[in-house]
*Asks:* 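My questions will all concern the structure given below.
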Amino acid sequence: MGYYLSVLIKVFISFIQAVGAHLTLSQAGIFFLAIPVSYSFMGYSFAILQKKFMFGSMAAFAGSLFLTFLLGLVLSYLYVRVSKESFTVLTAASIVGFEAFLKSFSDLTGGVLGLSGIMRPGFMKALPDIALVSGVLMILLMLIEYLIFKAPLGRALRGLKESETLLESLGISANKVGTVVICLATILSGVAGSLEAMRIQFLDPSFGGFPNLIMIASIAILSMKPKVRTLFLSTLFVVLLPELLRFFAFSPSQIGHMRMFVYSAMLVILIRNLSGKFTSAQRIV
């Protein structure tokens, strides 16, 4: 029963994180690759505030959420100040840089040994409680994303992907739209990371990283259409597909590597077959 609850929580958490990737990568066309950084950043902030500064669980969550919001502001500032190609490279490099930071500052982060014994809030002591909270949050985000697609912000995101010049001609700042969606994606990814930290109650530098980016990018590419249902079905497919490996006679030490192989192969196939679909025709203004 614990395994099935863990997989269910994984689906909920992955959807929460994938909403940000869906809005940035799929809808706005922003190659924001620092989503795993905010995922591990808030998870580690939550744990450090508990372990090193003796915060309570809810105070640690609030503090880590605020720090993640500041991280979103920094990343959105980079988006405004540098070219789009440089932004993509910088956000991809931030994954490696943050992992090196976690390994180097062992007094704060536990280094390669990580941090264990992360406390959960009183109302999330057991896996069913975490599943309930993350499930309610997922449903709430489904509604929010649906409303975003119907609101001017959703149209602005699609306009940003199609043509910044066209968007600016309508009196909408492309930089402001990008700033809002990057901050939102950073916060959502951070919340997902803190929920996962509560679930496993242990963190090490491998938490998040490129495996997380491959999984979330696969979901975002698969759900190119601006539909919540497509995003949910894509999340189910990407999360559950590697879990089928557990029903074969592979050793536990091989399953993790094979899961990454499945994610990587699927990402290559998706990029190859879906890169030219569900995109708007470019128009010159």
Side-chain angles (χ1 to χ4, degrees), residues 9-10 12-21 24 32-79 90-125 129-130 133-134 137-138 141 179 181-213 215-216:
I9 294 170
K10 184 67 175 177
F12 294 158
I13 291 175
S14 298
F15 181 89
I16 294 170
Q17 189 181 13
V19 169
T24 53
F32 178 51
L33 305 182
I35 285 180
V37 174
S38 56
Y39 181 81
S40 54
F41 178 83
M42 185 164 174
Y44 262 95
S45 299
F46 176 72
I48 290 171
L49 290 176
Q50 279 190 13
K51 306 287 289 183
K52 305 296 183 179
F53 297 95
M54 304 304 171
F55 279 44
S57 297
M58 292 307 299
F61 180 82
S64 60
L65 184 63
F66 176 72
L67 293 174
T68 305
F69 171 70
L70 295 181
L71 175 64
L73 292 179
V74 172
L75 293 171
S76 61
Y77 177 78
L78 287 176
Y79 173 76
L90 286 173
T91 52
S94 67
I95 302 175
V96 179
F98 189 68
E99 184 174 342
F101 170 83
L102 294 177
K103 293 178 179 178
S104 300
F105 290 84
S106 56
D107 291 340
L108 184 66
T109 65
V112 295
L113 299 179
L115 297 171
S116 60
I118 300 172
M119 300 299 295
R120 299 169 178 169
F123 59 92
M124 296 174 64
K125 289 294 185 182
D129 301 325
I130 300 176
V133 172
S134 56
L137 184 57
M138 183 194 74
L141 285 173
T179 297
V181 74
I182 288 173
C183 284
L184 181 59
T186 302
I187 291 173
L188 291 179
S189 182
V191 170
S194 64
L195 289 172
E196 181 67 6
M198 294 177 195
R199 183 183 73 86
I200 61 178
Q201 298 184 289
F202 172 77
L203 294 175
D204 64 14
S206 64
F207 183 75
F210 283 105
N212 180 261
L213 176 63
M215 182 184 71
I216 297 303

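If you're wondering where the values come from, they're calculated on a predicted model, not measured in any experiment.
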*Asks:* For Lys103, enumerate each residue passing the salt bridge (charged side-chain N to carboxylate O under 4.0 Å, His left out) test, keeping only those at least two apart in sequence or located in another chain.
*Replies:* Glu99
*Asks:* Begin with the C-alpha distance, continue with both residues' side-chain angles, and end with the deciding distance and a verdict on side-chain contact (heavy atoms from CB on, under 4.5 Å) for Tyr39 and Ile216.
*Replies:* CA-CA 11 Å; Tyr39 181 81; Ile216 297 303; over 6 Å; no
*Asks:* Where do Gly43 and Leu203 come nearest, in terms of heavy atoms and distance?
*Replies:* O-CD1, 3.2 Å
*Asks:* For Ala34, which residues count as a side chain to side chain contact (heavy atoms under 4.5 Å, CB included) partner, sequence neighbours excluded?
*Replies:* Phe32, Val37, Leu75, Thr91, Ser94
*Asks:* Taking only residues at least two apart or on different chains, which pairs with a member in residues 51-71 satisfy ring-ring contact (aromatic ring centres under 6.0 Å, His included)?
*Replies:* none
*Asks:* Of the non-hydrogen atoms in Gly209 and Pro36, which two are nearest, and what is the gap between them?
*Replies:* O-CB, 3.4 Å
*Asks:* Among pairs that include at least one residue of residues 109-121, which meet side chain to side chain donor-acceptor pair (under 3.5 Å), considering only residues two or more places apart or in two chains?
*Replies:* none
*Asks:* Roughly how far, to the nearest 0.5 Å, is the OG atom of Ser76 from the CG atom of Leu184?
*Replies:* 11.5 Å
*Asks:* Taking atom types as modelled, is there a side-chain donor on Thr186 or Ser38 under 3.5 Å from an acceptor on the other?
*Replies:* no
*Asks:* Give a yes or no on this: more than 12 heavy atoms of other residues, nucleotides or ligands lie within 6.0 Å of atom OH of Tyr77.
*Replies:* no
*Asks:* Rounded to the nearest 0.5 Å, what's the gap from CD1 on Ile13 to CD on Glu196? Could you check?
*Replies:* 4.5 Å
*Asks:* Hey, what do you get for CG (Asp129) to CD1 (Ile9), rounding to the nearest 0.5 Å?
*Replies:* 9.5 Å
*Asks:* Between CE of Met42 and CG of Leu65, what distance do you get to the nearest 0.5 Å?
*Replies:* 4.5 Å
*Asks:* Give the minimum heavy-atom separation between Ser189 and Gln17, together with the two atoms involved.
*Replies:* OG-NE2, 3.1 Å
*Asks:* Run the side-chain contact (heavy atoms from CB on, under 4.5 Å) test on Phe207 and Asn212 for me, step by step, so that the C-alpha distance in whole Å, both residues' side-chain angles and the decisive distance to 0.1 Å come before the verdict.
*Replies:* CA-CA 8 Å; Phe207 183 75; Asn212 180 261; over 6 Å; no
*Asks:* Is a donor on one side and an acceptor on the other found under 3.5 Å between the side chain of Ser104 and the backbone of Phe101?
*Replies:* no
*Asks:* List in chain and number order the residues that pass side chain to side chain contact (heavy atoms under 4.5 Å, CB included) with Phe12, two or more places apart in sequence or in another chain; answer none if no residue qualifies.
*Replies:* Leu8, Ser134, Met138
*Asks:* Let's go through Leu73 and Leu70 carefully: what are the C-alpha distance in whole Å and the side-chain angles of both, what is the deciding distance for side-chain contact (heavy atoms from CB on, under 4.5 Å) to 0.1 Å, and is it a yes or a no?
*Replies:* CA-CA 5 Å; Leu73 292 179; Leu70 295 181; 4.3 Å; yes
*Asks:* If I take atom CD1 from residue Ile35 and atom CD1 from residue Ile182, how far apart are they, to the nearest 0.5 angstrom?
*Replies:* 10.0 Å
*Asks:* Do any N or O atoms from the side chain of Tyr44 and from the backbone of Asp204 form a donor-acceptor pair under 3.5 angstrom?
*Replies:* yes
*Asks:* Would you name the heavy atoms of Leu137 and Leu195 that are closest together and state the gap between them?
*Replies:* CD2-CD1, 4.1 Å
*Asks:* Holding to side chain to side chain contact (heavy atoms under 4.5 Å, CB included), I want the full list of residues that pass it with Pro121, two or more places apart in sequence or in another chain.
*Replies:* Ser57, Met58, Phe123, Met124, Met198
*Asks:* Got a second to check how far Ile48's CD1 is from Ile118's CD1, nearest 0.5 Å?
*Replies:* 9.5 Å
*Asks:* Kindly say whether Met119 contributes a backbone atom to a donor-acceptor pair with the side chain of Gln50 at under 3.5 angstrom?
*Replies:* yes
